[in-house]
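Below is one structure, written out as C-alpha cells; comments come after it.
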There are 2 protein chains.
Amino acid sequence: MTDQLMTIRQMCDDFGVTPRTLRFYEAKELLFPVREGQKRLFTRRDRARLKLILRGKRFGFSLEDIRQLLDMYGMGDQQQAQLTRTFELAVKRLHEMEAQRDELNEAIDELKEQLAWGEQALAKFHAAKAAE
Amino acid sequence: MTDQLMTIRQMCDDFGVTPRTLRFYEAKELLFPVREGQKRLFTRRDRARLKLILRGKRFGFSLEDIRQLLDMYGMGDQQQAQLTRTFELAVKRLHEMEAQRDELNEAIDELKEQLAWGEQALAKFHAAKAAE
DNA sequence: CGTTACGATTACGCTCACGTCAACTTCCCT
DNA sequence: AGGGAAGTTGACGTGAGCGTAATCGTAACG
C-alpha cells in the first residue's frame, strides 16, 4: 500500500493550517507523524485524524475533547464503556449547539426589531432634512 | 422615582456573577455604577445593561461586541451620524449572526449523522454481547 | 561553495474573561 | 476599643490555541 507519506508543507496546503498548528497537535498527542531523521512525515492515518480534528473544531469541541474522541475511533472492539461515554459527550454537545442556535435565532429576531426602529429613526431625520 | 440603587453584593446575588466580573465590566465601560464615596452603586440602567450583557454572552459575542450593541440600545433620537454608523454596524452584526446560525445548523446536521453512526456501533456491541 | 528553501527546536507572546491573592478603608455590632 | 463583613484598588495568574521570532540543521540548485 502506498502510504503516501506527506511533508508538513503538503499537509498545510491540503488542509489550510500552519506548520505551527500541526506541531502543536503533535505535542498534544492528536497526531503521530513518523520521523525520517529529523523531519516529520504524516501518514494516511494522520490525515484521517486531522480531518476529524478540524471537523470537531467546527462542532465546538475542545482539542482535549477531540483527542478523546479520536482515541475512541482507533479503539478495538473491547472498551465499550469508553464508546458510550464519548457518545454521551457528543449528544451533550449536540443539545448545547441546538440551544445555542435557538437563542441565536431569538437574538436575530430582536436585532431585526432594533434595526426596524433604527431605520424609522433615520427616515425621520431624512424627512426633517427634506422639509427644510 | 425609586432608582433602587444596589450594592455589588446584591447585584452578584441577583445575576449570579462575581464582584470581579462587575468591576471588570465597569473597567470595560459596559456598566457605569455611580459612587457613594468609594462604593459602587448600580442603577436600574446598569441592571438592564447587565441583563443584555449576559444574554449577549450566551450568544457567544465578545464583550467588545456587546459594548457596541449596548451603545446602540441606549441611543436617543439626536445624533444622526452616530445612529447611522451604529445602524450599519448592527446590520453587519446581523449578517454575521445569520451566517453563524447557518454554520451552526450545518454542524448540527453533521453531528447528527455522526451520532447515528455511533448509535449503530453501540448497537453492534450490544448484539455481540447478547450473542455470547 | 554560496544561497535559497524547508524543516527542526526552544521559548516567549498574545487575546479573553475573568480568578485569585494582597493590602488596605469604612462601617456596623457588641 | 475590638472585630468582622463588605467594599476598594492594583497586580499577577490561568487556559486554549496557536503566532512569532531566533537560531540551527540539511539538502538541493546554480
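Computed from a prediction, not measured in an experiment: that's the story for all the values here. The sequence lines fix the lettering, A, B, ..., with proteins before strands; numbering per chain opens at 1.
At the phosphate of C:dG19, OP1 or OP2 sits under 4.0 Å from a side-chain N or O atom of B:T21. One finds a side-chain N or O of A:T7 lying less than 4.0 angstrom from the OP1 or OP2 phosphate oxygen of C:dG7. Put simply, A:Y25 has a side-chain N or O that comes within less than 4.0 Å of OP1 or OP2 on D:dC18.
Shown here for A:L5 and A:Q10, the closest heavy-atom pair between the two residues is O-OE1, 4.2 Å. Heavy atoms only, all atoms of each residue included: B:C12 and B:T18 are closest at SG-C, 3.4 Å.
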Mind running side chain to side chain contact (heavy atoms under 4.5 Å, CB included) on A:M11 and A:D14 for me, showing each step along the way?
-> CA-CA 5 Å; A:M11 289 292 281; A:D14 274 26; 5.7 Å; no
Check the pair A:T21 / A:F15 against side chain to side chain contact (heavy atoms under 4.5 Å, CB included), numbers first and verdict last.
-> CA-CA 11 Å; A:T21 299; A:F15 290 94; over 6 Å; no
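Checked against C:dA17, D:dG17, C:dT9, the side chain of A:R23 finds its nearest nucleotide in C:dT9. Here the side chain of A:R35 is nearest to one of C:dA8, D:dC18, D:dT8, namely C:dA8.
Contact check for B:L50 versus B:F42: no side-chain heavy atoms found under the 4.5 Å cut-off. In this structure, B:T7 and B:K39 have side chains that are not in contact, with every pair of non-hydrogen atoms separated by 4.5 Å or more.
Residue B:E36 contributes atom CD, which lies 12 Å from atom C1' of D:dG7 at whole-angstrom precision. Between B:E64 atom CD and C:dC18 atom C1' the separation is 16 Å, expressed in whole Å. A:M6 has its CE atom 15 Å from the C1' atom of C:dC6, to the nearest Å. Distance, B:M11 CE to D:dG7 P: 12 Å, rounded to whole Å. To the nearest angstrom, P of C:dC16 lies 13 Å from CD1 of B:I66. Distance, A:L22 CG to D:dG17 P: 15 Å, rounded to whole Å. Distance CD1 (A:I8) to P (C:dC6): 13 Å, rounded to an integer number of Å. One can place CZ of A:R67 at 15 Å from C1' of D:dA16, the figure rounded to the nearest angstrom.
DNA chain D is contacted by both A:K28 and B:R9; B:R9 maps to the nucleotide lying nearer its 5′ end (nearest heavy atom per residue). Toward the 5' end of DNA chain C, the nearer of the two residues B:F24 and A:E26, judged by each one's closest nucleotide, is A:E26.
Using a 4.0 Å heavy-atom cutoff across all strands shown, B:R40 reaches sugar-phosphate atoms only and no base atom.
Look at B:E64 and B:R67 and you find a salt bridge, because one of the NZ, NE, NH1 or NH2 atoms lies within 4.0 Å of a carboxylate O, short of that distance.
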Using a 3.5 Å cut-off and no angle test, enumerate the donor-acceptor pairs between side-chain atoms of residues 26-35 of chain B and protein atoms at least two apart in sequence or in another chain.
from, atom 1, to, atom 2, distance (Å)
B:E26, OE1, B:R35, NH2, 3.4
B:E26, OE1, B:R40, NE, 2.5
B:E26, OE1, B:R40, NH2, 3.1
B:E26, OE2, B:R35, NH2, 3.1
B:R35, NH1, B:Q38, O, 3.1

Could you run through nucleotides 20-26 of chain C and give me one letter per nucleotide, 5' to 3': B if any protein heavy atom sits under 4.0 Å from the base, S if only the sugar-phosphate is that close, - if neither?
-> B------
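Formation of a donor-acceptor pair under 3.5 Å by the A:Q68 side chain with backbone atoms of A:D65 is not found in this model. B:D46 contributes a side-chain N or O that, together with a main-chain N or O of B:T43, makes up a donor-acceptor pair within less than 3.5 Å.
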Contact list (N/O, under 3.5 angstrom) for nucleotides 21-23 of chain D vs protein:
none

